[in-house]
Amino acid sequence: MGTILAEYDRRRDAGLIRPDAAQRAVAARLDELTAQAPASGLFARFRKPPPPPKGLYIHGEVGRGKTMLMDLFYETVETAPKRRVHFHAFMQDVHRRLHDARQSHTQDAIAPVARALAKEARLLCLDEMQITDIADAMIVGRLFEGLLAAGTVIVTTSNLGPDQLYKNGLNRQLFEPFIALIKQRLDVISLDSPTDYRLGRVKAHETFLTPISGQTDARLQDLWQRLTDTEKGQPLDIDVLGRKLHVPQAAHGCARFSFAELCEQPLGPPDYLALAQNFQILFLEHIPQLNPDRRNEARRFVLLIDTLYDGKVRLVATSAQAPEAIYPAGDHAFEFGRTVSRLKEMQSASWWGKKIVET
Ligand SMILES: Nc1ncnc2c1ncn2[C@@H]1O[C@H](COP(=O)(O)OP(=O)(O)O)[C@@H](O)[C@H]1O
Ligand SMILES: [Mg+2]
């Protein structure tokens with residue numbers, strides 16, 4: 001038995017994790033890769049190295065244990081130098097390097113940047129690959145080609161399968177070679193675990209918090225940390241019909257906005273749809289009481305909730321009022337009734353997932 005499987009079983013037997021056959025299968029696959037991955041040390045320099053093994057693209061829904069397994073692999077594998085980084089942080093680093101290279105009048109900046117990155121990491125573990133931005137979409141193909149050509153082994157996790165990446169993005173056809181490259185040079189495996197382990201942590205917690213106070217702010221922050229394992233998410237831009245929708249914080253399939261950022265801005269159906277397509281959980285802070293003079297905000301809020309509902313997105317919110325008292329009077333207040341009912345359904349345990357287990 002390989003090291004990763006052994007460690008997986010040890011944690012299971014110690015009661016640290018629950019038995020999960022789908023995860024165990026991925027652990028076995030990671031063990032195979034550990035055995036083939038380029039070793040570090042002196043010997044490697046004198047021997048002609050064998051061709052690097054295929055990397056892995058592990059995808060599956062959130063909370064299935066992709067990151068946990070990749071980290072287990074990263075800690076175990078002896079390849080050096082190695083680098084483990086969140087995909088967005090990696091791309092920010094890439095853009096910084098490209099910018100610097102162009103300052104010194106490098107014609108084709110991607111190739112040298114890829115070579116430098118490959119030298120710094122024979123193994124690159126990227127967590128949460130997600131392409132939402134055209135600036136990323138247009139360079140990842142050549143970047144990854146350069147990394148792979150230089151022999152770097154890439155292991156990545158994603159909530160989406162390769163074909164779902166940058167879906168509906170601008171100039172998607174220019175992105176398609178990247179998908180082909182991934183499928184050709186990485187083994188694409190899905191982690192089909194039935195359980196979202198993270199959701200267990202919101203069980204028995206209220207998700208629609210009233211009123212707006214220091215206390216409910218703190219409870220929302222607590223839920224955020226339970227669901228994302230981080231205090232603060234990363235900012236992210238999503239291309240929507242050639243414009244950018246700015247997401248102030250994103251992490252682990254969760255996005256976080258204030259009501260003002262989402263419903264007091266000139267945003268519309270395509271923006272809300274992009275959110276529903278890119279995230280499983282939306283955190284919405286500080287929904288105010290909406291008086292009749294705020295019918296535009298009310299209209300956007302209705303649209304937002306409808307879109308989230310259709311997309312089966314889960315909602316965590318702080319609100320001045322309970323759903324039925326948010327917009328009691330004004331244009332279309334009657335239709336707001338449907339929004340009230342949906343907001344209530346979205347608080348139910350069944351909406352959050354029948355298969356929630358306590359973790
Ligand atoms: N088999 C398991 N039993 C209990 N907890 C688990 C199990 N697998 C994963 N977890 C925990 O669930 C959370 C979500 O796992 P993570 O690897 O972050 O999921 P993903 O990357 O697929 O979204 C993590 O805190 C992880 O430690
Ligand atoms: Mg993850």
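Both ligands and their constituent atoms are indexed starting at 1 by order of listing. Here the structure is a predicted model, which means the values were calculated and not measured.
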Which atom pair, heavy atoms only, marks the closest approach of Glu206 to Leu223?
->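 Closest pair (atom of Glu206, atom of Leu223, distance): O-CD1, 3.4 Å.
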
Between [X] and ligand 1, does any nitrogen or oxygen pair lie at a separation below 3.5 Å?
X	answer
Gly65	yes
His252	no
Arg198	yes
Gly63	yes

N, O or S atom of Thr67 closer to the Mg ion (ligand 2) than 2.8 Å =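 Coordinating: yes.
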
Validation row: Leu304, Asp271 side chains within 4.5 angstrom (heavy atoms) =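 Answer no - side chains too far apart.
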
Are the side chains of His252 and Val62 in touch, meaning some heavy atoms are under 4.5 Å apart?
->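 The answer is no, as the side chains (C-beta and beyond) never meet within the 4.5 Å cut-off.
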
Which bit of Asp229 gets closer than 4.0 Å to ligand 1, counting heavy atoms only: side chain, backbone, both or neither?
->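 Near ligand 1, Asp229 shows its side chain, while the N, CA, C and O stay back.
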
Who's closest to atom 22 (O) of ligand 1 heavy-atom-wise, of Lys66, Gln23, Arg18?
->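 When every heavy atom of Lys66, Gln23, Arg18 is considered, Lys66 comes closest to atom 22 (O) of ligand 1.
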
Option nearest atom 21 (O) of ligand 1 (shortest heavy-atom distance, choices Thr195, Leu72, Thr67) =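 Result: the heavy atom closest to atom 21 (O) of ligand 1 is in Thr67.
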
Centroid separation Phe259 to Phe301 less than 6.0 Å |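 When the ring centroids of Phe259 and Phe301 are compared, they turn out to be within the sub-6.0 Å range.
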
Examine Phe144 together with Phe178 and report whether their ring centres are nearer than 6.0 Å.
->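 Yes, the ring of Phe144 comes within the 6.0 Å limit of the ring of Phe178, centre to centre.
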
Would you confirm whether Thr216, through its side chain, and Pro211, through its main-chain N or O, come within 3.5 Å as a donor-acceptor pair?
->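 Flag set: sc Thr216 to bb Pro211 pair under 3.5 Å.
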
What atoms of ligand 1 come within less than 4.0 Å of a heavy atom belonging to Val62?
->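 Matching atoms, with element in brackets: 23 (O).
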
Result of checking Leu308, Val313, Val247 against Phe279 for side chain to side chain contact (heavy atoms under 4.5 Å, CB included) |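 The single option meeting the side chain to side chain contact (heavy atoms under 4.5 Å, CB included) with Phe279 is Val247.
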
